[in-house]
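Any value given below was found using the heavy atoms of this structure, including those in side chains, with hydrogens, waters and symmetry copies removed. Numbers here simply count residues along the sequence, with the first being 1.
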Amino acid sequence: MKAILVKEDKSLFWEEVADPVIKPDEVLIEIHAAALNRADLMQREGNYPPPPGCPEWMGLEVSGVIVEMGEEAAIKSCYKVGERVCALLGGGGYAEYVAVRYDMLMPVPKNCSMIEAAAIPEAFATTYLNLFMEGGIQPGNTLLITGGNSGLASVAIPLAKAFGIRVITTVRSDEKAKAIAHLPADIVVNTAKENLTDILQQELAAGRGVDVVIDCLGGEIMGACLHHLKHGARWIMIAALAGTKTAIDLKNIYVKNVRVIGSTLRSRAPEVKAEILSRIVREVYPKIESGEVKPTIYKVLPITEAEKAQDLLYHAESIGKVVLKVKEDVDLI
């Protein structure tokens with residue numbers, strides 16, 4: 001089969017690799033589409049290696065068709081050969097085939113194309129983990145999610161709203177604010193001309209303070225914002241795209257019982273990931289299938305243009321998810 005490999009100069013090439021060999025508890029998926037995530041960029045740069053036993057090539061979420069099942073998987077799984085599924089991977093999605101544990105699968109939701117399904121596993125699992133398991137968010141709470149034009153935010157904002165949560169998000173231009181107008185955020189802060197700490201202070205004074213933050217940016221502003229959260233708030237760091245250093249007044253942490261939490265989905269045990277996926281199918285899929293929540297697809301490119309696709313993320317051009325077509329005839333709608 002073929003997969004996208006990273007050369008020494010960090011360029012990407014579609015090249016022949018060995019076919020996957022499934023274990024007893026795994027299924028083999030013929031990949032139709034693979035969605036991009038910022039973790040792919042980190043892996044390409046050598047800063048986010050795949051877990052032991054995973055392929056060296058990138059790709060954390062795919063959609064496709066089951067073509068083979070291990071003996072244990074065939075007994076324990078509710079899926080059959082020939083079924084359309086999407087899957088959460090430790091790596092290996094930028095390829096024609098991938099072997100994955102049977103409990104890392106989800107069905108393709110009704111009313112979703114294979115392109116949309118490929119954009120579900122990683123983004124929805126990351127959102128669910130940090131909203132409900134790490135954040136313990138409740139209906140009526142307020143969420144701040146930074147980077148409102150990201151693929152994650154395109155899922156997290158409508159998902160949070162579907163569960164009765166108020167949402168504040170950030171962008172860096174009026175153009176980006178207009179581009180995410182279809183997402184039902186309550187407040188969009190343009191940090192190029194508005195001070196996020198001022199907005200948070202105003203919301204807190206009005207009795208609408210932030211309960212949970214999902215932050216992919218970090219940087220200097222992070223520490224300054226901690227003072228303007230509700231008592232008992234949770235600030236969840238999932239990346240630090242704007243910088244890894246900040247100054248924190250520790251008194252703001254213990255006086256207000258604020259918790260700063262580091263969180264990555266990829267590092268979780270398989271059993272934890274399987275539980276997250278199970279909860280998504282049970283609790284979130286009805287909202288996906290009703291059309292209340294869907295990933296925003298920004299652009300679809302062929303797998304051979306993976307480098308061009310990643311450039312969209314590198315330059316923060318994308319508004320929502322970027323997806324790679326692996327099968328030429330994959331359904332787009």
Decide, yes or no, whether a salt bridge links Glu61 with Lys321 under the criterion of side-chain N to carboxylate O below 4.0 Å. yes
Residues that Tyr298 engages under ring-ring contact (aromatic ring centres under 6.0 Å, His included), provided they are two or more places apart: none
Under-4.0 Å salt bridge between Glu203 and Arg208: yes
Looking at Cys216, is its backbone amide N or carbonyl O close enough to the side chain of Thr146 to form a donor-acceptor pair, meaning the two atoms are under 3.5 Å apart? yes
Taking a hydrophobic cluster as the set of Ile, Leu, Val, Met, Phe, Trp and Tyr residues connected by side-chain heavy atoms closer than 4.5 Å, whether directly or through intermediates, do Val281 and Ile66 fall within one such cluster? yes
In terms of hydrophobic clustering (I, L, V, M, F, W, Y; side-chain heavy atoms under 4.5 Å; direct or indirect links), are Met114 and Val300 co-clustered? yes
Hydrophobic cluster mates of Trp57, side-chain heavy atoms under 4.5 angstrom, ILVMFWY only, any path? Met1, Leu5, Val17, Ile22, Leu28, Val67, Tyr97
Does Arg279 count as lying over the ring of Tyr128, i.e. NZ or CZ under 6.0 Å from the six-ring centre, within 45 degrees of the axis? no
In plain terms, say whether Lys273 and Asp103 are close enough for a salt bridge, that is, a side-chain N and a carboxylate O under 4.0 Å apart. no
Presence of salt bridge, Glu15 and Lys7, under 4.0 angstrom: yes
Ignoring hydrogens and angles, tell me if any N or O in the side chain of Asn130 forms a donor-acceptor pair with the backbone of Thr127 under 3.5 Å. no
How would you list, by chain and number, every residue that makes a salt bridge (Lys or Arg N to Asp or Glu O under 4.0 Å) with Asp211, sequence neighbours excluded? Lys230
Sequence neighbours left out, what passes salt bridge (Lys or Arg N to Asp or Glu O under 4.0 Å) with Arg259? Give chain and number order. none
Answer yes or no: is there a donor N or O on one side and an acceptor on the other, between the side chain of Asn37 and the main chain of Ala39, under 3.5 Å? no
Members sharing Ile75's hydrophobic cluster (side chains within less than 4.5 Å): none
What's the spacing between Leu89 CG and Ile31 CD1 if we round to 0.5 Å? 7.0 Å
Could you note down all residue pairs passing salt bridge (Lys or Arg N to Asp or Glu O under 4.0 Å) where residues 29-51 supplies at least one of them, sequence neighbours left out? Glu30-Lys327, Arg44-Glu307
With a 4.0 Å cut-off, would you call Glu116 and Lys110 a salt bridge? no
Any ion pair linking Lys76 and Glu72 (charged N to carboxylate O, less than 4.0 Å)? yes
